[in-house]
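Here's the structure, in structure tokens; my notes come after.
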Amino acid sequence: MRLVTWNVNSLKARLPRLEDWIGSHAPDVLLLQETKCTDEAFPREEFSRLGYESAHHGDGRWNGVAIVSRLGLEDVRSGFRERAAETPDECRILSANCGGVKVFSVYVPNGRAVDSEFYAAKLAWLANLRRELDTTCDPSDAVAVGGDFNVAPEDRDVWDITQFAGLTHVTRPEREALRAVLDFGLEDVVRRLHPDEVGPFSWWDYRGGAFHKGEGMRIDLLLASAPLAARVTAAYVDREARKGQGGEQQPSDHAPVVVEVVP
DNA sequence: ATGGTAGCGCTGCTA
């Protein structure tokens, strides 16, 4: 199984590139974030023509998550089953069973600024994600949680930690909230297969030539339960998909994270 | 130089 998570930064803007990428990379299950479209505008038929079933949870301009699968798509759930009052429901989580794996597509709130209400809501959202896992899955089953976590797990997951003083994505509370999700019984499989590297980064700011300067962050993660992680043979970031192609086809500011799983 | 770029959608917000 080839399992991919990718923040596409607008499905409408990215669909031609995404369709090309699907044709050349043959994913089995795609976890998409920031679709920025309504359920009505979701291009279900386009994916169907490529041989994929799909599910979407979105309401318009912001956020939006999807699961696209050619290995089946069952037991789809939009949003949290149990949601605390302090956790906003903003079309940031979607789950389904695909080919024997329970998959989640998640888009963790950005948090904006450390002293903001949005930062507090981000921590609450991650705590709610842990609760969702506790109430809907078993870590002894095959579970994959993929998405844009908006947290860099370690200092080496950003290009220069000294540039992040006082900023979100690298604070101890965010990392502890991510740790609590991992402590459900999940493993960061890209880190597992790249134990001694900086990054590999999955996001680069559009501004200032950040991609070409190597100024990125590793914030898009694929977390797998132990039985699933044991079947992972490769896990990597497709940096090619972040490059410009000339013409009107712009890249997302995120690159896809690709994970290969054997039966 | 308190900037920069992309997307949505039409004004400024979000990232």
Side-chain angles (χ1 to χ4, degrees), chain A residues 5-21 31-43 46 56-66 87-93 105-126 129 146-153 157-160 162-171 174 177-178 199 201-221 237-257:
Chain A
T5 182
W6 195 357
N7 179 323
V8 294
N9 186 19
S10 170
L11 196 46
K12 181 182 177 194
R14 217 65 59 211
L15 191 59
R17 275 186 79 122
L18 178 57
E19 289 180 305
D20 288 348
W21 194 89
L31 310 175
L32 305 177
Q33 300 86 37
E34 279 205 88
T35 59
K36 294 186 174 178
C37 65
T38 61
D39 290 342
E40 291 71 28
F42 182 77
E46 284 79 354
H56 182 250
H57 180 41
D59 61 8
R61 295 179 68 178
W62 294 304
N63 312 326
V65 285
T87 307
D89 183 4
E90 297 175 321
C91 302
R92 295 179 179 276
I93 181 167
S105 180
V106 303
Y107 178 43
V108 178
N110 175 282
R112 304 194 197 179
V114 173
D115 59 356
S116 70
E117 63 186 289
F118 304 99
Y119 177 82
K122 177 182 193 175
L123 298 180
W125 199 95
L126 283 163
L129 175 57
D148 178 356
F149 283 78
N150 273 314
V151 178
D157 291 318
V158 301
W159 79 93
D160 180 359
T162 68
Q163 300 295 309
F164 285 79
L167 300 181
T168 60
H169 292 60
V170 299
T171 67
E174 288 168 285
L178 175 61
F201 301 148
S202 64
W203 173 88
W204 299 261
D205 200 305
Y206 282 124
R207 297 168 289 189
F211 179 71
H212 293 289
K213 291 191 281 190
E215 296 180 350
M217 305 175 72
R218 191 173 76 91
I219 55 175
D220 298 276
L221 308 177
V237 175
D238 178 21
R239 291 171 49 89
E240 290 299 312
R242 178 61 179 77
K243 296 180 179 175
Q245 298 179 327
E248 298 178 13
Q249 295 286 314
Q250 298 292 341
S252 171
D253 46 353
H254 297 253
V257 176

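- One finds the CH2 atom of A:Trp203 at 11.0 Å from the CG atom of A:Asn9 (value rounded to the nearest 0.5 Å).
- Atom C1' of nucleotide B:dA15 and atom CH2 of A:Trp204 are separated by 16 Å, given to the nearest angstrom.
- Across B:dA15 and B:dG4, the matching C1' atoms stand 13 Å from one another, rounded to whole Å.
- For the pair A:Glu34 CD and B:dA15 P, the interatomic distance rounds to 7 Å; values are reported in whole Å.
- Contacts of A:Arg239 classified as side chain to side chain donor-acceptor pair (under 3.5 Å), with partners at least two apart in sequence or in another chain: none.
- Between the CZ atom of A:Phe164 and the P atom of B:dA15 there is a distance of 16 Å, given to the nearest Å.
- Here A:Trp21 pairs with A:His25, A:Asp238 under the side chain to side chain donor-acceptor pair (under 3.5 Å) rule; sequence neighbours left out.
- For the side chain to side chain donor-acceptor pair (under 3.5 Å) test, residues two or more places apart in sequence or in another chain that qualify with A:Glu90 are A:Arg92.
- Using a 4.0 Å heavy-atom criterion, one finds that A:Tyr107 contacts the sugar-phosphate atoms exclusively.
- Legend: residues meeting side chain to side chain donor-acceptor pair (under 3.5 Å) with A:Asn150, ordered by chain and number and at least two apart, are A:His169.
- Among residues two or more places apart in sequence or in another chain, the ring-ring contact (aromatic ring centres under 6.0 Å, His included) test is passed with A:Tyr119 by none.
- Only the C1' atoms considered, B:dA1 is 28 Å distant from B:dC10, to the nearest whole Å.
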Tabulate atom names and distances for all N/O pairs under 3.5 angstrom spanning the protein and nucleotides 4-8 of chain B.
unit_1	atom_1	unit_2	atom_2	d
B:dG7	OP1	A:Arg14	NH1	3.1
B:dG7	OP1	A:Arg14	NH2	3.3
B:dG7	O3'	A:Ser10	OG	3.2
B:dC8	OP1	A:Ser10	OG	2.3
B:dC8	O2	A:Arg61	NH2	3.1

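- For A:Met217 and B:dA15, the CE to C1' distance is 12 Å, given to the nearest whole Å.
- Rounded to whole angstrom, the span from the CH2 atom of A:Trp203 across to the P atom of B:dA15 amounts to 12 Å.
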